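Structure record follows, encoded as C-alpha cells.
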Amino acid sequence: MRFDLEIEPLDLGQTLGCGQTFRWRNGPGGTWSGPLNDQFIVLSKSGRRLSVEARPGGRHVEALVRNHLRADDSIRKVHRVLGKDDVLAPALSKLKGLRIVKIDEWECLVSFVLATYANIPRISKMIEMVSARYGSTIVGDVKAFPTRAQLGRASLHDLEKCGLGYRARYIKALCEIIDDRQLERWRRLPYDKLRYELIELPGVGDKVADCVSLFGFGRLESFPIDVWIERALARLYGKKGSYAKLREFAAERFGPYAGYAQEYLYYNERLHAPNGSCLFLEKER
DNA sequence: GCCCAGGAGTGTG
DNA sequence: CACACTCATGGG
C-alpha cells in the first residue's frame with residue numbers, strides 16, 4: 001500500500017538520521033526505510049508531500065507514522081518559545097524540519113541503555129543484532145524490535161554474543177523488572193516523577209532517563225545531556241558544571257520545549273565536529 | 001595500535 | 001556535593 005501524508009515542516013534526513021532513532025536507513029532517491037512496530041515503512045518526500053509505503057493490508061500505518069513523527073507538534077509554537085533564545089534563534093529556520101520522534105517505550109528504554117558509551121554505528125549494530133535474533137519477522141529478513149518476553153528468553157551469554165558488552169546484564173535485568181503494567185503507569189506520571197523512577201532502573205542514569213522520557217514517553221521538557229550537549233553548552237553558552245546544574249539551566253532557558261532545543265543543539269554540534277562525526281555516513285548502499 | 005564512544009555504577013574525599 | 005576509576009567492545 002502507498003499513500004500520502006502532509007506533515008510540515010519535516011526534513012526526513014534531519015529527523016531520522018540525527019541519532020535519536022537507530023533503525024532508519026536512507027536509500028537512493030532520498031528514501032528512508034525502517035521497521036516501525038509491526039510494519040516495514042518506506043518514506044520519501046517531495047515538496048510538502050510525504051509518501052508512505054507499507055506492505056499490502058498494513059493496519060494503522062497512517063496513525064503509526066503520524067505518531068512516530070509527532071505530526072501534531074506545532075513547530076511554529078516551539079519556535080515561538082525557542083526563538084526568544086538569542087543563540088538558538090538564528091538557526092531555527094535551518095532546523096525547522098528536525099522533529100522529535102516518538103519511539104515505543106520499551107524499545108526506547110533498551111535502545112538508550114545500549115547507547116551508553118558507544119558510537120552510533122555500533123548502537124545500530126547492537127539493536128539490529130538483538131532484533132535479528134529475538135524479534136518477530138516483519139517481512140523478508142526485516143525483524144521487529146523484540147518484545148520484553150522475546151528478549152527475556154535470551155540468556156546473559158546470548159546477549160553478550162550480540163556484542164552488547166557490559167550492557168548485556170542491564171538488558172537482562174530490565175527484561176525481568178519491566179512489565180506492561182509498569183509502562184502503563186509511567187505513561188501517566190509527570191516528567192519529574194517519571195524521571196525519578198526511571199533512574200532507579202539498572203543501566204539508567206540521568207542521561208538515559210531523560211532520553212527515555214523525551215523519545216519514549218514524549219516529555220518535551222526533558223533535556224538529555226550527553227558529551228555533545230555538554231560541548232555545545234560550553235561552546236555556545238559558556239556553561240559548565242554538573243548534570244544537575246546544566247539541567248536546571250536548560251529548564252529555565254528552554255522551558256516546555258527543552259527537548260527540541262536539545263535536539264537542535266545536538267544536531268548542530270555534530271555538524272561542527274571535526275570529521276562531521278559520521279552522522280550521515282551510511283556504511284554502504 | 002590508539003582513541004573514543006548520545007554513561008552508569010561504585011567507591012572515596 | 002565532587003571526582004576517579006572501572007566496565008566490554010567495536011568503529012574511525
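In what follows, chains carry the letters A, B, and so on, assigned in the order in which the sequence lines appear, proteins first and then strands, with residues in each chain numbered from 1. Computed from a prediction, not measured in an experiment: that's the story for all the values here.
- Here the side chain of A:D73 pairs no donor or acceptor atom with the backbone of A:I75 at under 3.5 angstrom.
- Among the atoms of the strands shown, base atoms are found under 4.0 Å from some heavy atom of A:E263.
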Write down the protein N/O and nucleotide N/O pairs, taken from nucleotides 2-5 of chain C, whose separation is under 3.5 Å; answer none if there are no such pairs.
from, atom 1, to, atom 2, distance (Å)
C:dA2, OP1, A:S242, OG, 3.3

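- The CZ-C1' distance, from A:R122 to C:dG11, rounds to 9 Å in whole Å.
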Side-chain atoms of residues 83-98 of chain A: list all donor-acceptor pairs with protein atoms under 3.5 Å, sequence neighbours left out, distances to 0.1 Å.
from, atom 1, to, atom 2, distance (Å)
A:D85, OD1, A:V87, N, 3.0
A:D85, OD1, A:L88, N, 2.9
A:D85, OD1, A:Y237, OH, 2.9
A:D85, OD2, A:R253, NE, 2.4
A:D85, OD2, A:R253, NH2, 3.3

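- Residue pairs meeting the ring pair (Phe, Tyr, Trp, His ring centres under 6.0 Å) criterion with at least one partner in residues 170-204 of chain A, sequence neighbours excluded, are absent.
- A:M129 places its CE atom 14 Å from the C1' atom of C:dG11, with the value rounded to the nearest Å.
- Hydrophobic cluster membership for A:L156: none, as no Ile, Leu, Val, Met, Phe, Trp or Tyr side chain comes under 4.5 Å of it.
- Rounded to whole Å, atom P of C:dA8 lies 15 Å from atom CG of A:L114.
- Between the P atoms of C:dG11 and B:dA8, the separation comes to 22 Å (whole Å).
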Classify every nucleotide of nucleotides 7-13 of chain B by which part a protein heavy atom approaches to under 4.0 Å, writing B for the base, S for the sugar-phosphate alone and - for neither, in 5'-to-3' order.
BSS----

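- At least one donor-acceptor pair closer than 3.5 Å links the side chain of A:R167 to the backbone N or O of A:T116.
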With a 3.5 Å cut-off and sequence neighbours excluded, list the donor-acceptor pairs that the side chains of residues 134-146 of chain A form with protein atoms.
from, atom 1, to, atom 2, distance (Å)
A:S136, OG, A:Q150, NE2, 2.8
A:T137, OG1, A:K143, NZ, 2.9

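- Atom CD of A:E263 sits about 13.0 Å away from atom CZ of A:R99, to the nearest 0.5 Å.
- Nucleic acid contact for A:E160: none, since no nucleic acid atom lies under 4.0 Å from a heavy atom of the residue.
- The side chain of A:R270 contributes no N or O atom lying less than 4.0 Å from OP1 or OP2 of B:dA5.
- The cluster map of Ile, Leu, Val, Met, Phe, Trp and Tyr, joined by side-chain heavy atoms under 4.5 Å apart, puts A:L183 and A:V212 in the same cluster.
- Taking the centre and axis of the six-membered ring of A:W228, the NZ or CZ atom of A:R270 falls inside the cone set by 45° and 6.0 Å.
- To the nearest angstrom, C1' of C:dA8 lies 14 Å from CG of A:N119.
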